[in-house]
2 protein chains.
Amino acid sequence: MYDVAAHAGVSIATVSRVLTRPDDVRASTQERVLQAVRELRYVPSGSARGLAARRTGVLGLFLPGVDAVEDLSDAEVGEQRPVEVRRDPAKPDQRPGANLYFEEVLRGCELEAWRQGFSLMICVGRGRSPESLEITLSDLAGKVDGLAVIAQSAPHDVLRRIGDSIPVVYLAGQRRDDDFDHITVRNREGMRALTEHLIDDHGVRDPMYLTGPFDSPDDAERYGGFAEALEGRGINPTALPVLHGEFSRERARAVAEDLIAGGRLPRALVCANDQMALGVLDALRPAGIRVPEDIIVTGFDGIDEGARSTPRLTTVMQPMLELGRAAVRAMVARVTDPDLEPVSTELPVTVLLRESCEGPLG
Amino acid sequence: MYDVAAHAGVSIATVSRVLTRPDDVRASTQERVLQAVRELRYVPSGSARGLAARRTGVLGLFLPGVDAVEDLSDAEVGEQRPVEVRRDPAKPDQRPGANLYFEEVLRGCELEAWRQGFSLMICVGRGRSPESLEITLSDLAGKVDGLAVIAQSAPHDVLRRIGDSIPVVYLAGQRRDDDFDHITVRNREGMRALTEHLIDDHGVRDPMYLTGPFDSPDDAERYGGFAEALEGRGINPTALPVLHGEFSRERARAVAEDLIAGGRLPRALVCANDQMALGVLDALRPAGIRVPEDIIVTGFDGIDEGARSTPRLTTVMQPMLELGRAAVRAMVARVTDPDLEPVSTELPVTVLLRESCEGPLG
DNA sequence: CTGAAAGCGCTAACAT
DNA sequence: ATGTTAGCGCTTTCAG
């Protein structure tokens, strides 16, 4: 920067101004400085800026570790053959489809961060020990102006610690009485609306529910909405069987296969996420059971694949991109004004009625 | 940090040491410092560290802008109804499936960065003017120790400029004689091996090729491999029709429909990517044309969906995760030793033979 | 093994 | 509109 200043015949302060508030500088001077910047290939140091300005212009997104720290080989690529040819028979899907979910949030964060002139740093909370997690997080916290954390990727007490050095916003998961912003999605209302549709418009009286993991607050909310809808229509939800699919396509398929074998298929199978609903379809298809004529199947999430399956999947679409964007907006608001009251936002969802309950659509 | 030092009864230098090279400090002192850190909820400033140490511990990944700066609303969420219910008839897919590709690279980068103790900053090159792109990039460059850039997301001259302040590694795309590392994938060899399999093991003599955009260097390589295989078997590739699908599932479907209508289906349709191959299957299915009995269809990329389509898609799998990891390794190597010769790495691919050419697999 | 001191490259008053 | 100057919070010699 000193070089640039010298080259342009101005002081470093002017260079700084040209780069941060160009309007405070005469156009001719500006031009000269920019010229020097270009000639000298000057790239301003983010660290120095961050230090001096007390804000880095970076926001952080902390995601739960989906991948189980896979093969940690240091792969010496040179040795391998350039092409390998092999047969690839079908295998159960291995990757948890859950990441599709987060990728959309990520896109939303990046998009909004960009709009607001911030950079985005991402960090995946890989298992390891609690301490290493804490170090990772605190390290991250030191580099950003605000941190968005996806539910269940880090313990609340650690977040609270970080929360008093920078704004933290908690995404999805359980709403708790913390000192940070909280953004969730209307899981309950979405599932209730969907279930009511099934009851009111399709005359379903005995839907089965296929749940996810026990510790999923999202799923708990969804089941709550399901139960509420039934109760509101005079149906006792506790009398209905609940199945367990762990949010996994494969597990759901197995569960559905059991149902088929036992001849215990209900009129409708309400799944706590799309992956499981797809798994159910996987089981139904070869058995020759028609959807929705013989059985209605519904999902939750609104993943892309559900819009292309056969039949196309009725589901509740979560605004994942908006989740990310809202997170960034919340952080930016708080960076601007650090002592705002913590706010709790619940984003709207959309029930998408498709073929798996409606049959062929126009 | 001064507080921590005071609290622990040591100098700031010692605090620094405990946090960066714990082994240089007596265990008891260390413990005292760590204690103070915890009590004071101290989070070290990344900016200050970066400035003093001359390295930020952050790597950057620059991706091409896939999303067309969608609705830039500032969405006041409060006003919306919590649930909307609506019918959702099938529509052509809108999102370019291409991002799936990059998400995998991103995962690879994040994984390897984490392993190497770096953070990862991501930045999407949203259209805009060339200057704004340059500003974005230079801004990013100032915040990281190294930058990985995915092909075609930024002009080479800008990258060169950045390249002399920090290491730049170029991913995929055309191999050029630049001053930075370059990591690609064996597009040519992969497509050649696949095509040879079709000729040698399935007796195909007149495959049609479905290309992507004209300006895709990846596609050019792939077509090159295709042509080489034919020539090597005494078939003249220029005598064979080439179709244009723009890497789009919808376009490919339309093209295939034309072919069907015209009764001009070849024995095999070799697609330059998986999305197009899936589009072809979309067209073939309702027409009652059997794959692979009536026509063989192949893709390229190895996206998840191809492993689950009906029939499952024969393809060439690109090591996207490895691409990301290799990029990070290259950057780290260069951060360690800045004046290494630029290296050019070509990652191996795998031809995955599945039902769309082999028929039912064990 | 620990402390003292000199910056790292910028921004933000404050002057002019 | 531009220059001067005092740090920002840390790492890193260099002594001890």
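In the text below, chain A, chain B and the rest are named by the order of the sequence lines, each starting its count at 1.
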statement: B/R55 atom CZ is separated from D/dT12 atom P, nearest whole Å, by 9 Å

message: Taking any heavy-atom pair under 4.0 Å as a contact, classify B/V10: base, sugar-phosphate, or nothing.
response: sugar-phosphate

message: Counting the atoms with a prime plus P, OP1 and OP2 as sugar-phosphate, which does A/A53 contact under 4.0 Å by heavy atoms, base, sugar-phosphate, or nothing?
response: sugar-phosphate

- request: Only counting residues at least two apart or in another chain, list the ones meeting side chain to side chain contact (heavy atoms under 4.5 Å, CB included) with A/R161.
  value: A/E134, B/R38, B/R41

query: Quick one: B/R17 CZ to C/dT2 P, roughly how many Å, whole number?
result: 8 Å

- prompt: How many Å lie between CZ on A/R54 and P on C/dT11, as a whole number?
  reply: 12 Å

task: Counting heavy atoms from C-beta on, name the nucleotide in C/dC10, D/dG3, C/dA4 closest to the side chain of B/A13.
output: C/dA4

message: Can a donor-acceptor pair be found, under 3.5 Å and without considering hydrogens, that links the side chain of A/D145 to the backbone of A/T56?
response: yes

message: Under a 3.5 Å distance rule, please check whether A/T20 uses its side chain to pair with a backbone N or O of A/S16 as donor and acceptor.
response: yes

task: Take the protein atom CG of A/D3 and the nucleotide atom P of C/dG9, then report the distance between them rounded to whole Å.
output: 10 Å

- prompt: What nucleic acid atoms does A/S47 come within less than 4.0 Å of, heavy atoms only: base, sugar-phosphate, or nothing?
  reply: nothing

- prompt: Once you round it to whole Å, what is the distance between C1' of D/dT12 and CG of B/D24?
  reply: 12 Å

- request: Mind checking A/T14 for me? I need base, sugar-phosphate or nothing, with any heavy atom below 4.0 Å counting as a touch.
  value: sugar-phosphate

query: Can we say B/E110 and B/R115 salt-bridge, meaning some charged N sits less than 4.0 Å from an Asp/Glu carboxylate O?
result: no

